[in-house]
Protein chains: 2
Amino acid sequence: MVSPRPTIMDVARTAGVSSATVSRVINGATTVDKELSKRVQAAVRATGYVPNALGRSLRRGGTSQIAVVAPDAENPYFTQIIGEVERIARDQSHSVTVAHTEDDLAVEQECFAQLVSRHVSGVLLVPVDGMRTDLGPLTDAGIPVVLVDRGIDGAHTDVVATDNHDAGRQAARHLHERGFRAPAVIAGSQTLRTTEDRATGFLGAWRELGVEVGADALQRGDLHLESGRTVMEQLLAAGEADCVYVTNNRMSAGAFEAIRGVEGAPALLATDDDLWTRLVTPSVSVVHQAVRATSRAAARMLTQRMANPDEEPSTTLLRSRIIERDSTQPKG
Amino acid sequence: MVSPRPTIMDVARTAGVSSATVSRVINGATTVDKELSKRVQAAVRATGYVPNALGRSLRRGGTSQIAVVAPDAENPYFTQIIGEVERIARDQSHSVTVAHTEDDLAVEQECFAQLVSRHVSGVLLVPVDGMRTDLGPLTDAGIPVVLVDRGIDGAHTDVVATDNHDAGRQAARHLHERGFRAPAVIAGSQTLRTTEDRATGFLGAWRELGVEVGADALQRGDLHLESGRTVMEQLLAAGEADCVYVTNNRMSAGAFEAIRGVEGAPALLATDDDLWTRLVTPSVSVVHQAVRATSRAAARMLTQRMANPDEEPSTTLLRSRIIERDSTQPKG
DNA sequence: GTCAACCTGGTAATCGTTTACGCGTCAAGC
DNA sequence: GCTTGACGCGTAAACGATTACCAGGTTGAC
């Protein structure tokens with residue numbers, strides 16, 4: 001029923017040449033007669049030939065694919081990065097494949113094995129966990145890796161990330177300038193560098209500003225929306241904070257749910273400029289990460305690393321900026 | 001500097017056996033002595049051997065990869081489908097790669113060529129355009145395709161989609177029951193089946209309910225947020241509609257922006273249960289597509305088609321349901 | 001006219017696997 | 001003891017492409 005796909009041999013036969021010549025035509029070699037070249041191209045069309053990437057890559061000893069690996073298919077921050085990187089890579093005529101790790105270390109490792117096995121030529125990775133993700137499989141195989149958004153302790157690779165410590169400091173200054181004096185922060189787990197750096201930057205800045213911060217100014221959630229809501233509800237019940245900084249996007253949404261419609265609720269400063277933040281009432285001020293710049297830098301860095309693998313890895317930190325909306329209007 | 005990766009031959013040498021035996025051990029053949037098997041496994045660990053998927057697939061005449069192709073990396077509806085399908089496929093130990101087409105037919109075709117060339121064993125596709133997407137490259141290559149969310153005119157393939165006509169009818173009935181009598185709908189381009197079916201179902205149902213619908217009850221946007229806003233602004237200016245049904249998620253957000261805070265604005269019924277719809281004030285009623293069921297059905301259908309390619313293709317339609325919130329509270 | 005240099009295009013080896021085939025060994029049945 | 005069968009393993013031929021190498025023909029210089 002299904003006829004086998006045409007191979008380079010079929011093309012060669014119908015064009016009356018050898019497979020070598022077909023290969024040369026396909027790959028744009030200049031050393032082939034125009035007449036023959038026409039015949040070959042005609043034969044390609046006639047047979048509907050598509051080169052077999054498996055054979056080609058096997059012979060060439062490598063693919064020209066780059067992989068983008070992120071923890072979550074549904075988090076807007078990651079999807080923006082993925083979309084942007086895909087566009088850039090495509091413009092450089094690399095083909096791109098995406099994979100998601102479900103925030104699960106085992107899935108991530110399985111994914112690495114796949115990529116090694118498939119001989120991808122480079123990986124842009126948002127690691128699941130800065131302390132426990134093991135890049136060994138990739139680096140042992142000599143595959144260039146660029147870490148995006150989250151670094152990995154002790155990894156000897158390129159990193160493109162947000163300056164999270166600075167983001168936290170900016171958050172603190174923003175709230176301080178607007179007259180708030182009783183801060184709280186909702187962080188994630190201690191092992192996740194991004195949220196942790198934001199939280200410590202935030203609390204450190206308040207201390208520098210001469211504001212006492214109690215031990216319960218630091219609250220922890222599990223990054224999901226629900227935990228943002230429950231933690232914020234606890235803060236409301238305690239009634240001590242007059243402003244709350246939330247260190248990731250999903251918990252931010254949960255925190256907003258908890259204070260929506262609540263009279264005299266603390267000011268809310270969220271993370272990431274996701275769609276909902278500007279649609280809700282009051283609209284929510286956010287610490288906006290430079291998604292586009294991050295993606296660009298990461299893509300550029302990867303292609304550079306693929307070109308010369310032996311250079312010293314570098315780290316690029318990008319600044320966030322505050323987008324002020326109604327949820328942090330001056331106290332008074 | 002970079003040592004070449006170990007091959008099956010290296011493993012064979014260090015284990016003191018032939019490559020055939022190594023291959024048999026790796027693939028779990030039972031016909032190999034336990035003693036040798038141990039030695040081989042030890043050698044695999046010692047050398048850090050990872051089978052080369054390129055060689056393997058070349059020899060086997062096919063991969064065991066399935067590809068998920070969607071137009072947009074950032075639309076929550078697609079990302080949910082992608083996430084869900086990936087989970088299911090992984091559970092069936094298929095490996096998954098994702099690609100995005102940017103709502104661009106040329107990118108989509110390029111993508112198809114890649115997939116053919118890479119010999120993926122099945123494709124789950126959300127096509128860019130039901131009238132113009134050309135599945136030829138895939139089907140000619142004998143690759144099973146399941147269309148998700150959007151069908152393609154005249155394509156002889158499996159389809160899993162929402163019953164959009166019914167969704168439109170439900171929308172109309174919902175608004176009618178709540179006392180609204182002057183409907184408008186914001187559709188997309190005529191060539192996009194999903195939004196078009198919703199719109200015609202919606203308008204048809206109103207006529208069946210005995211309500212006159214004028215020609216300007218049907219408005220068109222370009223699917224993006226901004227167009228939702230501008231079209232809604234026009235509707236506000238005209239001042240005729242008392243309720244508006246928006247047929248995709250991004251335009252819904254724009255439409256909401258236009259009516260936010262506007263006194264006496266028409267009721268809003270949006271599409272897709274995206275995060276913002278329940279966070280905003282007033283919360284927005286939506287026609288919720290059965291994302292999870294869609295994904296499941298599509299994944300199941302693809303594996304079935306991969307198992308026996310010659311069966312007649314089938315179409316699965318799934319019903320939407322209305323989630324009632326504040327934006328469509330009864331008129332009065 | 002001869003020879004060297006060059007250009008084109010074919011032959012065949014190769015990339016890393018899998019697997020059909022066959023060879024040796026051993027046990028069982030007569 | 002000899003045949004038969006089963007079993008375990010190695011040899012070598014594929015899969016589809018690329019490319020080093022070589023053969024044959026053309027050209028130009030002397």
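Below, chains carry the letters A, B, ... as their sequence lines are ordered, and counting in each starts from 1.
If you check D:dG8, D:dA12, D:dG10 against the side chain of B:S18, the one that comes closest is D:dG10. Distances were taken from every side-chain heavy atom of B:L58 (C-beta onward) to each of C:dG16, D:dC9, C:dT18; the shortest belongs to C:dG16. Checked against C:dG9, C:dT18, D:dA17, the side chain of B:R56 finds its nearest nucleotide in C:dT18. In this structure, the nucleotide among D:dG8, C:dG10, D:dG16 sitting nearest to the side chain of A:A20 is C:dG10.
One donor-acceptor pair, N or O on each side, does fall under 3.5 Å between the base of D:dT18 and the side chain of A:R59. At a cut-off of 3.5 angstrom, counting only N and O atoms as typed in the model, there is a donor on one side and an acceptor on the other between the side-chain of B:R24 and the base of D:dG10.
Within the nucleic acid shown, B:T7 comes within 4.0 Å of sugar-phosphate atoms alone, with no base atom in reach, counting heavy atoms only. Here B:T21 lies in heavy-atom contact (under 4.0 Å) with sugar-phosphate atoms only. Residue A:L36 is classed as a sugar-phosphate contact, given heavy-atom separations below 4.0 Å to backbone atoms only.
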Give the C-alpha distance, both sets of side-chain angles, the deciding distance and a yes or no for side chain to side chain donor-acceptor pair (under 3.5 Å) between A:T79 and B:E74.
-> CA-CA 5 Å; A:T79 62; B:E74 302 177 30; 5.4 Å; no
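Checking B:D33 against B:H119, the closest nucleotide of DNA chain D that is more toward the 5' end is the one next to B:D33.
Judged by distance alone, the side chains of A:T294 and A:Q289 never bring a donor and an acceptor atom under 3.5 Å apart.
Computed from coordinates, the A:R13 CZ to C:dG9 C1' distance equals 18 Å when rounded to whole Å.
Residues A:D134 and A:Q109 come closest through the heavy atom pair O-NE2, 3.0 Å.
Each end of the helix from C:dG1-D:dC30 to C:dC30-D:dG1 gets its own rotation axis from five pairs of C1' atoms, and the angle between them is 60° to the nearest 10 degrees.
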